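Here the structure comes first, spelled out in structure tokens, and everything after it is commentary.
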Number of protein chains: 2
Amino acid sequence: MILKAQSAESRIEQLCVEHGLKMTGQRRVIARVLSEADDHPDVEELYRRALTLDSRISVATVYRTVRLLEEKGILERRDFGGGRARYEATENGRHHYHLIDVDNGKVIEFEDPEHEALMKKVANRLGFEFVSMRLELFGRKKSAAKPGVKTSSRARQKGNAA
Amino acid sequence: MILKAQSAESRIEQLCVEHGLKMTGQRRVIARVLSEADDHPDVEELYRRALTLDSRISVATVYRTVRLLEEKGILERRDFGGGRARYEATENGRHHYHLIDVDNGKVIEFEDPEHEALMKKVANRLGFEFVSMRLELFGRKKSAAKPGVKTSSRARQKGNAA
DNA sequence: ATATCTGCAAACTCTTTGCAGGGTC
DNA sequence: GACCCTGCAAAGAGTTTGCAGATAT
């Protein structure tokens, strides 16, 4: 048996293996990038980060990989406005949600433990088995009127912060 | 003053006027289509419905109009997977949510009155004023294994039912 | 050895936009 | 009458895909 002298298996890589996916060099890199991300990168950003680890990766592969991982339930796709899909690792049991600042598109995470239980109950009531959920709250920063920040209409969200 | 002998102002049209929008024939038609919709049409579907009322409308105008109405807070954009944006009229105060069947993309609406209050509290706790929210629940129909319905992996959602 | 994966570039789909003409307030 | 809106068609952005070669198991 040949031991690969590589850095430890990332969490996502492990999940890939458990799901019986063929682990190519590219997938390993993408898995690592995903494991290390604590924000909500879009494909282009994942690609950029992956390139810093290995230059032999194409965007097409990143697209194919996130799609595959989403189908396997390893990743979840998010839409925070702005046209691109964002991704984050599925966190079984310990869900978190997103509050999006409508004025600047910034995303704040928050938890609400009772919530998932509540949603499971709702799904059940409707005759469904809970698979996953998505909760996005849109809000506007209270008071603290900072100069230079327009509070008028909703900011068009094209390429906002993670 | 010239009285226009047209059918009554639709609910959305009324909102447009209140928001000071110039009411063109096209906008009136689109407003009416939106007012009468009780599902979540995408732009193409809105366009199709609008055409049955007036053939002098282009898709570009539908796009421009939904975008405008969304910015005004009259419409809300939804993303149920499948690449296209879906729209529905904003319902102030009485929110409803969506349960999406992961196997066939069908959307079921449900209410949960406590919920909005809960979310307003969360927004407040984080220092934000509640603007709107989005809640999507993904589930799989329990038992009742219908023949012909694959329960294996998640269905790719391209062009599903409203 | 074989089925799967990747890069590349072309193709697709959804959405936005410049421009000239038309309509609303 | 000023300004905004619309249609058309072209352009943009994000994502998917066919193919030939490379790779994992």
Side-chain angles (χ1 to χ4, degrees), chain A residues 1-4 6 9 13 16-31 41-48 50-51 53-72 75 77-87 156-160, chain B residues 1-4 6 9 13 16-31 41-48 50-51 53-72 75 77-87 156-160:
Chain A
M1 181 192 260
I2 298 161
L3 289 176
K4 304 221 173 107
Q6 302 224 84
E9 210 175 41
E13 181 179 344
C16 290
V17 174
E18 283 169 23
H19 281 265
L21 298 181
K22 202 179 272 191
M23 288 313 295
T24 64
Q26 291 87 332
R27 285 191 184 164
R28 229 180 293 273
V29 168
I30 295 170
D42 56 30
V43 168
E44 219 187 306
E45 178 61 25
L46 288 172
Y47 175 54
R48 217 173 297 136
L51 278 185
L53 299 181
D54 186 332
S55 57
R56 291 161 308 171
I57 287 184
S58 74
V59 234
T61 297
V62 179
Y63 273 107
R64 281 191 270 233
T65 303
V66 293
R67 180 175 171 166
L68 179 65
L69 298 198
E70 194 208 346
E71 281 166 2
K72 293 291 183 186
L75 282 188
R77 194 199 321 202
R78 304 282 176 228
D79 163 50
F80 296 154
R84 327 129 128 64
R86 312 266 209 107
Y87 294 87
R156 250 278 138 179
Q157 304 173 196
K158 279 285 179 190
N160 357 113
Chain B
M1 180 192 263
I2 298 161
L3 289 177
K4 304 217 174 111
Q6 305 225 86
E9 210 174 43
E13 180 177 345
C16 289
V17 174
E18 284 169 22
H19 281 266
L21 298 181
K22 200 177 273 189
M23 287 315 293
T24 64
Q26 290 88 330
R27 283 189 184 167
R28 230 179 293 273
V29 169
I30 295 169
D42 57 31
V43 168
E44 218 186 307
E45 177 62 26
L46 289 173
Y47 175 52
R48 217 172 300 138
L51 278 184
L53 300 180
D54 187 332
S55 56
R56 290 161 309 170
I57 288 185
S58 73
V59 234
T61 297
V62 180
Y63 272 106
R64 281 190 272 235
T65 304
V66 293
R67 180 175 173 165
L68 180 65
L69 298 199
E70 195 207 344
E71 280 165 3
K72 293 290 183 187
L75 281 188
R77 194 197 324 199
R78 303 282 177 229
D79 162 49
F80 296 154
R84 328 131 125 66
R86 314 265 210 106
Y87 293 88
R156 251 277 136 182
Q157 304 173 198
K158 278 285 180 189
N160 358 111

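All figures in this text were calculated on a predicted structure; none of them were measured in a lab. A note on names: the letters A, B, ... follow the listed sequences, proteins ahead of strands, and every chain is numbered from 1.
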Check: Is the backbone N or O of B:E13 less than 3.5 Å from a side-chain atom of B:R28, with the two atoms forming a donor-acceptor pair by type?
Finding: no
Next item on the list: Using atom NE2 of B:H19 as one end and atom C1' of C:dC25 as the other, report the distance to the nearest whole Å.
Entry: 19 Å
Next item on the list: Please report the shortest heavy-atom distance between B:A50 and B:I57, naming the atom on each side.
Entry: CB-CD1, 4.0 Å
Next item on the list: When you get a sec, tell me which of C:dC5, D:dT15, C:dC8 is the closest nucleotide to the side chain of A:K22?
Entry: C:dC5
Notebook entry, point to check: Starting at CG of B:D54 and ending at P of D:dT6, how long is that distance when rounded to a whole Å?
Noted result: 12 Å
Checklist line | Length of the CD-P vector between B:E71 and D:dC4, whole Å | finding: 15 Å
Check: Once you round it to whole Å, what is the distance between P of C:dG22 and CD1 of B:I57?
Finding: 18 Å
Notebook entry, point to check: Between A:L21 (CG) and D:dT23 (C1'), how many Å, whole number?
Noted result: 15 Å
Notebook entry, point to check: Does the side chain of A:R27 get closer than 4.0 angstrom to OP1 or OP2 of C:dC5 through an N or O atom?
Noted result: yes
Check: Does B:T24 put a side-chain nitrogen or oxygen below 4.0 Å from OP1 or OP2 of D:dT6?
Finding: yes
Notebook entry, point to check: Looking at CG of A:L75 and CZ of A:R86, how far apart are the two atoms once the value is rounded to the nearest 0.5 Å?
Noted result: 14.5 Å
Notebook entry, point to check: Taking N and O atoms by type only, does the side chain of A:R64 place a donor or acceptor under 3.5 Å from a partner on the base of C:dG7?
Noted result: yes
Check: What is the distance from CG of B:L68 to C1' of D:dC4, rounded to the nearest Å?
Finding: 11 Å
Item checked: Between P of D:dT15 and CG of B:D79, the distance in whole Å -> 11 Å
Notebook entry, point to check: Within less than 4.0 Å of OP1 or OP2 of D:dT15, is there a side-chain N or O belonging to A:R67?
Noted result: no
Next item on the list: Can you figure out which of D:dT15, C:dC25, C:dA9 approaches the side chain of A:A60 most closely?
Entry: C:dA9
Notebook entry, point to check: Can you tell me if the side-chain N/O atoms of B:Y63 get under 4.0 Å from OP1 or OP2 in C:dT16?
Noted result: no
Next item on the list: Provide, to the nearest angstrom, the distance between the CZ atom belonging to B:R28 and the P atom belonging to D:dC4.
Entry: 18 Å
Notebook entry, point to check: If every non-hydrogen atom of A:C16 is compared with every non-hydrogen atom of A:L69, which pair is closest and at what distance?
Noted result: SG-CD2, 3.8 Å
Notebook entry, point to check: Is any side-chain N or O of B:Q26 closer than 4.0 Å to OP1 or OP2 of C:dG23?
Noted result: no
Note to self: Go through it in stages, so that I can follow the logic: the residues are A:R48 and A:E45, the test is salt bridge (Lys or Arg N to Asp or Glu O under 4.0 Å), and I'd like the CA-CA distance, side-chain angles, deciding distance and then a yes or no.
What the structure shows: CA-CA 5 Å; A:R48 217 173 297 136; A:E45 178 61 25; 2.4 Å; yes
